Amino acid sequence: MTDVFIVKWIFAFSPILTVLVLMIFKNWSGSRAGAAGWFVSLIIATLIFGAHPELIAHSQMKGILLSLNVLYIIWAALFLYHVVNETGAIRAIGIGIQRFSGDKSIQILIFGWIFASFLQGVAGYGVPIAVVAPLLVALGFSPVVSVAVPAIGHSWSVTFGSMGASFQALMAVSGLESSYLAPWSAALLGVATFLCGIFAVYAYDGWKMVKHSLMAILIIGTTMAGTQYILSVSGMWTLGGFGASLAGLCSGLAVAKLKIYNQTPPSQTQPEMGLWWALAAYFILIVIVSTGVMIPAVNAFLGQAKLSFAFPEIISLKGWVVAAGPGKAINIFGHGGALLFYSSVISFFVYLAKGFYKPQAIKTILQKTVKSGVPTSLGIVSMVCFAMIMDHCQMIYILAEGISRVFGSIYPLVAPWIGLLGAFMTGSNTNSNVVFGVLQQETAHLAGLSAALILAAQTTGGALGSMIAPAKILVGCSTVGLAGKEGPVLKTTLRYGLVITGIIGIITALASFII
């Protein structure tokens, strides 16, 4: 590489470096660091890469459209979670699961692996760790283990969890369809399913406990990985993580009754509502999403109103051409977020009719949704918008070209690590896919590699990054009395996160020789 290219590459990397430094070394939030990255990208794009006002305006309009696509799901998922949680249903589900087995390895798997993944499927964004960690402490596990286990265990379900918000972001920034991206993404995440289960148990009591629980991991892991793959490749990727964890929950409860694991439960605490009523909102969700996705007439009816804008060709002052075309369309009434919202409203009135809410419950639900949704939204918007500036000014292409030149044929080994880095710095697989998705796609194209495989490695690495994201660990630690003492938890999850990511990188590299 020439000296001029190296200098340009350093300038192109500077917005990402800004975010990394501010979040890792200065402990800035994702929203603040994203805003700083946006400002740096704006200055660098204008001074070095030939950005002009019209180009900046179009890139930001596209960024807002992309953000709305993702935020639609995030806000609706958070709303559904609080609709359910205010009834005490989450606690009831936890107690219902606990009553099936007193075996510690099964408790780890059911709570830290399956139930945490189930919560990721319906809410995500730190909720699995925040909810499961106190439950594990109540079962007698140490606070460090109680936070580390769900952090590790739920990671495999992040991409297709939360109604597929992270996968939605990957499709949005790459412009590729789910039918092309889903098979490899679901395959690599399927491998991660087993690895997350193994290391969740290992974090508690080493290889001896892994050996004891291996049969359960194989049965449950096959159920979850297989269900996620089938749902994802059949076009129902919005239910991938949720459906897989729900199937895993059923198989886990069945496995708990096997002789080797069937020990007397330690507690017979009775919840305020039955398990089936606690799960009612999620049954409603399944019916509504299945109807909206699988019945053509309903799908067509809901898809009549779409928000979209057409953008003209834009050329930077340095000659970089952005082709004309429509921005990402938002299916207003048939979007995954809309289906989640319908489920939330119906569930609210069902629980209200049964008398499960306290007075002014709707006010509490809305307040909690806003409180948890605003910081996430600010981070996503800032990250998406600075990624769009970089994309429209050739900066991402230059980054991709530089990485391709350095790593060449072994690039597939590196791809999941980039996803992991993105999730670590932003606290979100969604943000990681937005920031690095186009970079990975361009690199794959320049290196002659399968974009589907490389983007699958990207989102798998981003999903695994959830277990080491400081933002999520902070949330979990705050619920078990470890506020200000997050170091041991991060040390634990970092160790296993790096190992699992390394294995995914090797599998990606081997697969690249086959396809």
Side-chain angles (χ1 to χ4, degrees), residues 97 100-101 103-121 128 132 136 148-161 182-233 237 239-258 260-262 416 429 456-457 459-461 463-464 466-467 493 496-497 499-508 511:
I97 294 171
F100 276 85
S101 178
D103 185 285
K104 287 298 184 182
S105 67
I106 290 298
Q107 290 179 358
I108 285 285
L109 292 176
I110 290 181
F111 280 94
W113 189 32
I114 308 170
F115 188 47
S117 300
F118 174 80
L119 293 173
Q120 178 64 35
V132 171
L136 289 175
V149 162
I152 297 166
H154 88 288
S155 297
W156 67 273
S157 66
V158 171
T159 292
F160 291 111
W184 271 113
S185 296
L188 291 184
L189 288 162
V191 175
T193 303
F194 293 95
L195 295 173
C196 288
I198 288 171
F199 284 105
V201 173
Y202 183 89
Y204 168 59
D205 198 23
W207 289 117
K208 179 181 178 181
M209 186 62 75
V210 172
K211 182 180 178 180
H212 171 69
S213 59
L214 189 58
M215 181 188 300
I217 293 172
L218 291 174
I219 295 173
I220 300 168
T222 300
T223 300
M224 294 197 296
T227 301
Q228 180 171 256
Y229 187 89
I230 292 170
L231 289 173
S232 301
V233 300
W237 50 268
L239 285 176
F242 171 72
S245 56
L246 188 61
L249 192 58
C250 295
S251 66
L253 297 179
V255 167
K257 293 305 179 183
L258 295 177
I260 187 175
Y261 305 122
N262 190 10
N429 185 22
T459 196
T460 302
L464 296 172
S466 293
M467 75 176 73
T493 59
Y496 305 128
V499 171
I500 298 173
T501 304
I503 293 172
I504 296 298
I506 292 171
I507 293 172
T508 304

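All values reported here derive from a predicted model rather than from experimental measurement. Sequence positions, counted from 1, serve as the residue numbers for this chain.
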Is it the case that the side chain of Ser466 and the backbone of Ala463 share a donor-acceptor pair, with hydrogens and angles ignored and the cut-off at 3.5 Å? yes
When rounded to the nearest 0.5 Å, the distance separating CD1 of Ile230 from CG of Leu239 is 13.5 Å
Open item on the list: Whether the side chain of Thr493 engages the backbone of Met467 through a donor-acceptor N/O pair (distance < 3.5 Å, no angle test) should be reported.
Closed with: yes
Run the side chain to side chain contact (heavy atoms under 4.5 Å, CB included) test on Phe194 and Thr222 for me, step by step, so that the C-alpha distance in whole Å, both residues' side-chain angles and the decisive distance to 0.1 Å come before the verdict. CA-CA 8 Å; Phe194 293 95; Thr222 300; 3.6 Å; yes
All heavy atoms of Ala247 vs all of Thr227, minimum pair found to be CB-OG1, 3.6 Å
Next on the checklist: Are Leu253 and Ile110 packed together at the side-chain level, in the sense that at least one heavy-atom pair is separated by less than 4.5 angstrom?
Outcome noted: yes
Side chains of Thr159 and Asn429, donor plus acceptor under 3.5 Å:
yes
**Prompt:** Going by distance alone, is a donor N or O of one side chain under 3.5 Å from an acceptor N or O of the other, for His212 and Asp103?
**Reply:** yes
Taken to the nearest 0.5 Å, the spacing of Trp156 CH2 from Ser117 OG works out to 5.0 Å
Practice item. Would you indicate whether the side-chain heavy atoms of Ser245 and Phe115 approach each other to under 4.5 Å? Key: no
Rounded to the nearest 0.5 angstrom, the CD1-CG distance for Ile219 and Leu214 is 10.0 Å
Here the gap from Ile152 atom CD1 to Tyr496 atom OH, rounded to the nearest 0.5 Å, amounts to 6.5 Å
Correct closest heavy-atom pair for Ala216 and Val255 would be CB-CG1, 3.6 Å
Heavy atoms of Gly197 and Leu109 approach each other most closely as O-CD2, 3.9 Å
Treating Ser251 as the side-chain partner and Gly248 as the backbone partner, does any N or O pair qualify as donor plus acceptor under 3.5 Å? yes
Within-4.5 Å side-chain heavy-atom neighbours: Met209 and Ile108: no
dist Leu464:CG -> Thr459:OG1 (nearest 0.5 Å) comes out at 9.5 Å
Closest non-hydrogen atoms of Ser213 and Val201, given as atom of the first, atom of the second and distance, are OG-CG1, 3.5 Å
Using the rule given for side chain to side chain contact (heavy atoms under 4.5 Å, CB included), can you reason through Ile198 versus Trp207, listing the C-alpha separation, both sets of side-chain angles and the distance that settles it, and then say yes or no? CA-CA 9 Å; Ile198 288 171; Trp207 289 117; 4.1 Å; yes
CD1 of Ile507 to CG of Leu195, rounded to nearest 0.5 Å, is 7.0 Å
Closest heavy-atom pair, Tyr229 versus Ala186, reported as atoms and distance to 0.1 Å, is CD1-CB, 3.5 Å
If we ignore hydrogens and angles and just use 3.5 Å, is the side chain of Trp113 paired with the main-chain N or O of Thr193 as donor and acceptor? yes
Taking the side chain as every heavy atom from C-beta outward, state whether Leu189 and Gln228 have any atom pair closer than 4.5 Å. yes
Should the pair Phe242 and Phe118 be assigned to parallel (<30°), tilted (30 to 60°) or perpendicular (>60°) ring geometry? tilted
Of all heavy-atom pairs linking Ser232 and Gly240, the shortest is OG-CA, 4.3 Å
Exercise. Answer whether the closest heavy-atom distance between the side chains of Cys196 and Ser155 falls below 4.5 Å.
Key: yes
Are any non-hydrogen side-chain atoms of Pro150 and Leu136 less than 4.5 angstrom apart?
yes
